[in-house]
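In the text below, chain A, chain B and the rest are named by the order of the sequence lines, each starting its count at 1.
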2 protein chains.
Amino acid sequence: MSFDPILSNLRKHIALSPAEETYFVSLLKPKRFQKKEFILKEGQVCKHINFVNSGLLRAFYLNQENKESTIMFAISDWWVTDMHCFLEEKPAMLNIQSVSESEVLQLSKIDLDHLYIEIPKFERFFRILMQNAYVREQLRVIQNLSLSAEERYHNFLAKYPQIGSQVTQKQIASYLGITPEFLSVIRGQK
Amino acid sequence: MSFDPILSNLRKHIALSPAEETYFVSLLKPKRFQKKEFILKEGQVCKHINFVNSGLLRAFYLNQENKESTIMFAISDWWVTDMHCFLEEKPAMLNIQSVSESEVLQLSKIDLDHLYIEIPKFERFFRILMQNAYVREQLRVIQNLSLSAEERYHNFLAKYPQIGSQVTQKQIASYLGITPEFLSVIRGQK
DNA sequence: GTGATTTCTTAAAGTACATTAAGCTTTGTA
DNA sequence: TACAAAGCTTAATGTACTTTAAGAAATCAC
């Protein structure tokens with residue numbers, strides 16, 4: 001499995017020496033997941049943060065009535081985990097599942113904590129990653145509060161065109177917070 | 001204006017030497033805001049991140065139809081800004097207004113960028129701050145997608161009891177994404 | 001203190017979306 | 001290749017929430 005994508009991803013924000021890159025790469029666990037396979041299941045302790053090398057993952061929450069809410073889709077070059085449970089090393093409240101066959105690089109909490117100490121540049125890297133994630137989630141809150149389902153759907157397609165074509169309408173609907181039936185109505189009226 | 005609260009806030013995650021603390025404090029601009037005064041207005045370039053020393057601030061978004069959506073309330077010991085526009089030094093899309101008379105310590109983007117270089121421990125501090133903000137916003141997305149207005153209201157009161165008693169129902173309603181009239185109905189039926 | 005604003009409440013009517021259910025289409029599997 | 005399972009569509013009915021409006025209560029300004 002190639003480490004080029006993850007190294008390019010790091011280089012967007014920090015510059016590592018070849019030795020540092022080698023050390024970082026040595027901490028990564030490459031994993032392959034079949035379509036529908038689970039990277040993380042609710043209740044499991046979430047020990048890794050995952051970098052998507054190829055494929056597509058979906059993180060979702062199941063409420064008491066077993067209704068799914070899709071929290072995020074993660075395509076190539078994205079990082080994904082149940083952040084809350086990863087940071088606190090608690091049982092996950094999210095499920096993360098492979099939408100299509102995927103290649104993932106996993107970094108454990110323990111190794112990441114070492115990395116912060118041995119190569120403080122990683123503090124900067126993850127500071128920027130977390131900043132961007134915060135801004136993205138806040139924008140989603142704003143959109144969920146101020147836009148209609150139809151507007152959110154068109155925003156979603158415009159922002160993530162590659163994802164829109166790979167996932168089911170049921171999954172898109174659960175990302176938008178509506179039923180698949182209503183999404184079908186929205187799509188019908190053009 | 002006292003710098004103790006902000007120094008205690010830093011000490012939750014990093015240890016600074018007395019000289020570093022003095023340097024950090026020298027970068028802060030203390031400001032007082034009257035009730036209803038604006039810390040930031042939509043369209044202004046957002047140059048500061050704000051630490052709330054006392055009082056209460058509210059960040060909100062105005063959509064095309066001038067409907068308000070409250071993005072966050074910030075009480076003592078909280079940091080608040082329009083993060084997206086602060087990071088990119090772009091015109092703000094959010095408004096930040098003082099709910100009650102407030103004392104605020106402002107740190108500019110320029111000074112923060114210097115701080116990251118001169119005292120890399122601040123990378124860690126803001127990494128943790130951003131992590132927590134991300135987790136909080138993601139939890140809000142989950143709740144907005146999976147809970148009814150009534151459940152969100154009770155969650156809000158349970159989580160932020162001090163805020164619930166200081167702001168108007170109109171402001172709470174705009175945080176929950178419902179109308180004040182409907183919030184009144186929810187409150188009426190107990 | 002008094003009038004003017006803003007906030008809160010209540011209720012009737014309207015709308016965006018959910019639920020249920022049925023038929024149709026596509027995908028997965030022996 | 002065939003059947004089962006899952007996904008998509010459509011429509012009727014239901015519900016959570018909005019809109020409008022009007023009056024009562026609280027807060028603000030002079």
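The separation between A:K170 atom NZ and D:dA6 atom P is 9 Å, rounded to whole Å. The interatomic distance linking A:E151 (CD) with C:dT15 (P) rounds to 17 Å, in whole Å. The distance from atom CG of A:L147 to atom P of C:dC17 is 11 Å, rounded to the nearest whole Å. If you measure from atom CG of B:L176 to atom P of D:dA16, you get 17 Å, rounded to the nearest angstrom. For B:R187 and C:dA11, the CZ to P distance is 16 Å, given to the nearest whole Å. Residue B:I186 contributes atom CD1, which lies 14 Å from atom C1' of D:dT15 at whole-angstrom precision. In this structure, the CD atom of B:Q166 is 17 Å from the C1' atom of C:dT7, given to the nearest Å. Atom-to-atom, CD of A:E150 to P of C:dC17 comes out at 9 Å; the value is rounded to the nearest Å.
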At under 4.0 Å between heavy atoms, which parts of nucleotides 18-30 of chain C does protein reach? Answer with one letter per nucleotide, 5' to 3': B base, S sugar-phosphate only, - none.
SBB-------S--
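Judged by distance alone, with hydrogens and angles left aside, the side-chain atoms of A:S98 form no donor-acceptor pair with the main-chain N or O of A:E37 at under 3.5 Å.
Of the candidates A:D113, A:L129, A:I117, A:L16, A:L16 is the only one forming a side chain to side chain contact (heavy atoms under 4.5 Å, CB included) with A:F122.
The CZ atom of B:F126 lies 9.5 Å from the CD atom of A:Q131; values are rounded to the nearest 0.5 Å.
Taking the ring centre of A:F182 as origin, the terminal cationic atom of A:R187 falls outside the region bounded by 6.0 Å and 45° from the ring axis. Cation-pi check for A:R127 over B:Y116 is met; the charged atom lies under 6.0 angstrom from the ring centroid and within 45 degrees of its normal.
Candidate nucleotides D:dC17, C:dT7, C:dT9 were compared by shortest atom distance to the side chain of B:A149, and D:dC17 ranks first.
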Applying salt bridge (Lys or Arg N to Asp or Glu O under 4.0 Å), run through A:E21 and A:R11 and close with a yes or a no.
CA-CA 10 Å; A:E21 287 193 348; A:R11 284 186 207 114; 3.2 Å; yes
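The salt bridge (Lys or Arg N to Asp or Glu O under 4.0 Å) test applied to B:K170 returns no partner, not counting sequence neighbours.
A:S184 comes within 4.0 angstrom of a nucleotide base, judged by non-hydrogen atoms across all strands.
Look at B:Q169 and you'll find a side-chain N or O under 4.0 angstrom from OP1 or OP2 of C:dT9.
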